[in-house]
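Right, one structure below, let's go through it.
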Amino acid sequence: MYNDIRSELASDIITAISAIGLNAPENIELKPLSGQFAGKWGYACSVSFQLAKQAATNPAQLAERIVAALPTRREVARVEAMNGYINVYLNTSWFANQVIAAVDNEGDYYGNGPTRNERIMVEFSQPNTHKAFHVGHLRNACLGSSVVNILRASGFEVIGANYIGDMGAHVIKSLWCYLRFHKDEEPPHQRGIWLNRVYVEGNARTEYKNEVLALSQRLVRDHAGAKAAAFDYLQEASAHHPDASYLISSLPSKDRPDYGAFADHDLLLGAWARLGEWLPTSDVDTEDRAEYARLDAHMDWWPQVDGWKAEQAALWRQWEARDPDLIALWQRTKAWSMEEFYRIYQQLNVQFDQWFFESEVEVEGVTLTEELIKRGIATDERPTGTVFVKIDEQLRKNPELAAKYARQLNAKNPDGSPKEVWRTIVLLRSDGTSLYGSKDIALARVKLADFHADRLVYCVDVRQSLYFEQVFKLIELLGFPNVDRFTHLGYEMVTMKGGAMSSRKGNVLFYEDIAAGAVDKALSIINEKNPELDDIAKRDIAEQVAFGALRFEMLNKDLNKVIVFDWDTALNFEGQSAPYIQYAHARACRVLEKAAQGERFAPTYSTAVAAQGEQPFAPTYSTGETNLTPPPVGEAGRGSDYDFTILTGEETALLELIGRYPDEIAKAAELYRPVNICIYLFDLADAFNNFYHNCPIIKAETPALTQARLALTHAAKQTLRNGLTVLGIAAPESM
RNA sequence: GCGCCCGUAGCUCAGUGGAUAGAGCAUCUGACUUCGGAUCAGAGGGUCGGGGGUUCGAGUCCCUCCGGGCGCACCA
């Protein structure tokens, strides 16, 4: 293929270096010309700098000697030595036809790599039922689904898997709150959102005492006045309350005081009241004042909290015993959330090949944990304590793993004590119920044994990186295969402009609100720009634009960058955004359509493959060499003998970008980086807009030039479409 | 305390050891009786957080300091 030229040029240069009597490096890097060479098509090589000392000369002279020793090639128009660099300019006419032919022949498959013999399971979008889908889930779903698409395009067999959190403390809280306070109240629609409110209330009731304690502590720690007010009371109380000294010492500390450490919880209420008296005279911010008011208004909860917790514990036991009524309620409410999720995934263009549920691996998680106990890896301190694994300790006990991780395990603290690298993971609660870790090792076993995955990718936010390190080590201790091919694809969180999201402060950004805002904005722009469209088309395009913009917004930053969600930026459809790229695509479509009407261009491209209805990067796609290799130029190569002898800078830049697309896919797949495709697509759309603006297509000087430019337009349109598809963004033909 | 991540234009980000550090947003100025103005052209805006080091060459690699975020036992 035309991309092979790069390695051929590299070997030419190596040969030339040897020919002038120098030792050539093993591989030579050729970089696309850029910067001051904008609009030129070729590669630059800086090998002369490395070799100048060896050659006892300066890079500039050496570059000239190497250039003089290079053979000529039909693919190369010119080679020059410049400032020590070797610049190779390609025969643009020849390459233009190569690129056009490749896009033309491969259509929706253009950019895909050859089949690779590896099955990758990518787990992503792990929403919890009974809770709401928020902006953090949005980033995860966009990233995970794009990574799946990119890996598939790059030739891997990929299984995209969802892992629904349908059981756990959040579900128990939600069901408890429903049964206790909201039975038979559910609304006819948006029941998933309603259910989230039930969960939030259940959580607030359960955590009430902790929240009172947390706010008291924060005020005491941050404000001298608060400390004086609270201590005033506590010191008075210390005469008859043995617990008061505990609060006096623990409230100002960094760690959260523990209700288990003092018997009379009501002691805190006295201090709480004093804080309330002090508050109006203080400079405490409005958020904390509102928090105090909110908690204070629910003082009637205080004496009930312990009873509520006991009720929830009873519900846990009912669940463990598979109580039919509870199971029925669980299934009914879970379905409300699932309805919500299905709709969201459809809007966001997210698909899954496999659905896992936490409830399905719960039992096997306990079984595997029992095995760990039996093998002496896990410590069982039930019922007074938990079932846990001290990872470092266990790795040291395993000779093979101790050697493998010797470097980390031998690390020392400044005082000479060994550093605890992987710490402790808790697998079962003291009451025997299972935690996330036990379920995750069970699920990993399913993925490896039942799905025969060669590589596991976990797309989960970066805060869980220690947790996944622990899980991977546990899996290794269990002796599962392929452990070195587990990847935690961690990404940074999404915050709001006012700071980190927290349900306590009520600044959670729900998916529903974001989606509605984006569609409204898109609709109003369409009404303004394209008022003649019918309402259904308007709605359809508005959704394609809005959800495309949201997806792009979530993908356009590197994984390790925090996204601060800002309505103005997210809903800006100009510049670096999905609508900019979609607009370039729609423009290209319009030109091709107009040209076809005028009969000045008979499209030679084939959309037959796409018409079969397969996803272009579906796992069923077979990459027999025949349909990936374009026919040779000038030998019955369909649509491959256009007149590109004279190319403008805009045309060259566009062609070069189109030709680079397969490399971009391969690189993005290797690094799990959808952002690479975002940046590439913006550059491509930018190049197309430049071309469109500066080069008349239908009204070009000659019919031959029109043909060539239409072919280029079509290739650009196809590549834009393929790239958008990989990102899960629609490519509307008009907008 | 230990560990991970971030710091590049007013703001949001690219730049994966190479030539004069690039985009978008925002600000200002302009765009042909010709293919869609969600577009295009131009202007201003930078000691790449500070300091050392490695290298022919450092925004990029190493060390260190500063500033910010996150994580570290019964949440997921």
Side-chain angles (χ1 to χ4, degrees), chain A residues 29 31 34-37 44-46 48-53 58-59 82-85 87 126 128 131 165 168-170 203 358 381 385-388 390 411 413-414 419-431 433 435-437 439-440 460-467 469 490 492-493 495 500 522 525-526 528-530 545 556-564 566 568-569 572-577 579-584 586-588 590-595 598 667 671 673 675-676 678-679 682-683 685-686 689-690 692-700 709 713 734-735:
Chain A
E29 209 178 352
K31 299 206 152 188
S34 60
Q36 60 179 305
F37 301 98
C45 177
S46 59
S48 324
F49 292 91
Q50 297 168 44
L51 298 178
K53 199 181 261 181
N58 63 55
M82 187 179 182
N83 302 333
Y85 292 87
N87 294 335
Q126 304 86 345
N128 287 328
K131 288 176 81 171
H170 65 285
N203 190 55
E358 276 189 41
E381 292 184 348
T386 61
V387 176
F388 61 89
K390 285 183 174 281
N413 287 313
K419 261 186 192 166
E420 197 184 10
V421 184
W422 290 290
R423 308 209 166 229
T424 305
I425 184 169
V426 180
L427 295 176
L428 301 182
R429 294 188 183 87
S430 45
D431 65 5
T433 55
L435 290 163
Y436 206 47
K439 294 178 218 170
D440 248 326
V460 181
D461 85 72
V462 73
R463 287 175 298 184
Q464 291 185 47
S465 52
L466 173 61
Y467 168 75
E469 283 282 301
E492 270 293 350
M493 20 188 255
T495 64
I525 294 178
I526 291 167
E528 181 190 316
K529 305 209 183 255
N530 241 338
V545 170
N556 195 26
K557 279 191 192 183
D558 212 341
L559 298 172
N560 54 14
K561 288 285 204 307
V562 175
I563 293 182
V564 179
D566 173 32
D568 294 339
T569 314
N572 182 12
F573 296 164
E574 289 165 14
Q576 283 170 350
S577 68
Y580 177 93
I581 300 162
Q582 291 172 318
Y583 183 70
R587 264 182 160 175
R590 192 51 37 84
V591 172
L592 293 168
E593 188 186 290
K594 286 221 162 117
K667 201 166 82 184
L671 304 172
R673 283 195 13 149
V675 64
N676 282 23
C678 289
I679 293 161
F682 174 78
D683 289 346
D686 190 35
N689 280 330
N690 275 299
Y692 177 89
H693 193 260
N694 290 301
C695 308
I697 301 166
I698 295 172
K699 291 172 183 167
R709 286 182 176 165
T713 302
S734 64
M735 55 189 279

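Every chain is numbered from 1 and lettered A, B, ... according to where its sequence line falls, protein lines coming before strand lines.
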Does [X] place a side-chain N or O at less than 4.0 Å from the phosphate oxygens OP1/OP2 of [N]?
| X | N | result |
| --- | --- | --- |
| A:Y692 | B:G36 | yes |
| A:R587 | B:A38 | no |
| A:N689 | B:U39 | no |
| A:K594 | B:G36 | yes |
| A:K561 | B:G7 | yes |
| A:R463 | B:C75 | no |
| A:K131 | B:A76 | no |

*Any donor-acceptor pair under 3.5 Å between the side chain of A:N87 and the base of B:A19?*
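Indeed, a donor on one side and an acceptor on the other fall under 3.5 Å apart.
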
_Is_stacked (A:Y85, B:A19) at 5.5 Å, 30 deg_ =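 Yes, the aromatic ring of A:Y85 stacks with the base.
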
*Return the value, rounded to whole Å, for the distance between atom CG of A:D568 and atom P of B:A38.*
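From A:D568 CG to B:A38 P: 20 Å.
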
*For the pair made of CZ in A:R423 and P in B:C74, what is the distance, rounded to whole Å?*
13 Å

_Options B:G15, B:C25, B:C74, nucleotide nearest the side-chain atoms of A:R673_ =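 The answer is B:G15.
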
*asked:* Given B:A19, B:A23, B:G37, identify the nucleotide with an atom nearest to the side chain of A:F682.
replied: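 Closest nucleotide to the A:F682 side chain: B:A23.
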
*Inter-nucleotide P distance (B:A9, B:C48), Å rounded*: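 10 Å, rounded to whole Å.
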
_Side-chain touch A:F682/A:Y580, heavy atoms, less than 4.5 angstrom_ = yes

